[in-house]
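Every number for a ligand or one of its atoms is a count from 1 in the order of the listing. Side chains are part of it too, since the values below use all heavy atoms of this structure and drop only hydrogens, waters and symmetry mates.
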Amino acid sequence: MKKNIVIQGALAAAIILLICYQFFGGANIPPVKIRIATGGSSGVYFAYGNAIAETLERRMNVPVTVIQSGGSVENIRLLREGRAEIAFVQNDIMTYAYNGTNIFSAEGEFKDFSAVAGLYPETCQIVARREIDGILDLRGRRVSVGDEGSGTELNALQILGAYGMTYSDIDVDHLSFGASVTAFREGRIDAFFCTAGVPTPAISQLAAEGEARILSVGDAHARSLISQYPFYSQQVIPSGAYPGMGEEASTVAVKATLAAGGKLDGQVVYEIVKLLFDSRDEIAKTLPQAGGLNRDAAIDGIPIPMHPGAERYFFER
Ligand code: GLU
């Protein structure tokens, strides 16, 4: 009899523990190691990746490694080579990779990955010295077009192309956002491209010093760009986005998206998406871009298949 009571007690305790585990953080996911491919240390990918990693470790007890990289193009390669499970990728770059087109035409199509959620707009910001009037004025100047392996570089090429310009019109440098800011301050470059969520930490630092402005992509040029590359949409950077910068700028934007390698388990992805939404307001306290996360935008404008785990999360809601 006594033995029975002990067994029943133990069983009840186990059930209570299991319920607590399910509802208060410890999610029901198989043991897994997650590596998140982000970007340079002064970008938004890196800050967002660290916030997700911190939350996953704290709430689910999952070990997470945050990988710094050149950006979207390198992140696709990290997924492809099985060196990352999760990656931040621009939606344009993700589509070229999936279909093996544009910059990925030599590597061929890569189908073994899928979308987890669309996150926030990434604005193509062209930061230039105050005396530079517009994109055509970049002729003959030293310009950073983004890091090696970035999505920024492809946006730079396409935007220059819309103005009838190529690399032969400028003096090209490949720098991360952080290195661009340093080179700008030291007078080694006159402008740099930066495709990232607004406000981008690297640009905020520079704006306060009063030497920089953001160039606009003219209406007609933006429209011709969008007709050729439908991933772009027009976007205004409001004057208050960067204190010290002054006037607003009108440019184009793509979309930051979280992607998963083909081997990542559906339950794990489901829990990651759930966590992303459950922790949105907490993460947004330090990372404004996270605050814009919503269910419609998360599945909108994603031109490749969604991961089944993410699909289940969105379907249930
Ligand atoms: N979208 C950028 C790229 O792939 C990186 C943005 C970031 O680091 O926040 O080039």
For this output row, return yes or no: ring centroids of F231 and Y96 closer than 6.0 angstrom. yes
For R129 and F184, indicate whether the former's side chain and the latter's backbone hold a donor-acceptor pair under 3.5 Å. yes
I would like to know whether R77 and E107 meet salt bridge (charged side-chain N to carboxylate O under 4.0 Å, His left out); could you show each step before the answer? CA-CA 10 Å; R77 296 191 176 125; E107 282 155 82; 2.8 Å; yes
Is it the side chain, the backbone, both or neither of Q90 that has a heavy atom closer than 4.0 Å to ligand 1? side chain
Stacked cation flag R317 on Y313, 6.0 angstrom / 45 deg: yes
Donor-acceptor under 3.5 Å (T257 side chain, Q90 main chain): no
Could you find the nearest protein heavy atom to atom 5 (C) of ligand 1 and give me its residue, atom name and distance? Y45 CE2, 3.6 Å
Which of the ligand 1 atoms, numbered from 1, are nearer than 4.0 Å to a heavy atom of T152: 2 (C), 3 (C), 10 (O)
Backbone or side chain, does any N or O of G70 fall under 3.5 Å from an N or O of ligand 1? no
Does even one non-hydrogen atom of F177 get within less than 4.0 Å of ligand 1? yes
For E122, counting its heavy atoms only, list the atoms of ligand 1 lying under 4.0 Å from any of them. 1 (N), 2 (C), 6 (C)
Check each atom of ligand 1 against the heavy atoms of S72 and keep those under 4.0 Å away; list them by number with element. 3 (C), 4 (O)
What atoms in ligand 1 come closer than 4.0 Å to a heavy atom of G71? 4 (O)
Hey, are Q158 and D92 close enough side-chain-wise for a donor-acceptor pair under 3.5 Å? no
Below 4.0 angstrom from a heavy atom of V44, which ligand 1 atoms are there? Numbered from 1 as shown, please. 7 (C), 8 (O), 9 (O)
Which residue holds the protein heavy atom closest to atom 2 (C) of ligand 1, what is that atom called, and what is the gap in Å? T195 O, 3.1 Å
Presence of salt bridge, E54 and R59, under 4.0 angstrom: no
If we number the atoms of ligand 1 from 1 as shown, the ones under 4.0 Å from a heavy atom of S150 are 10 (O)
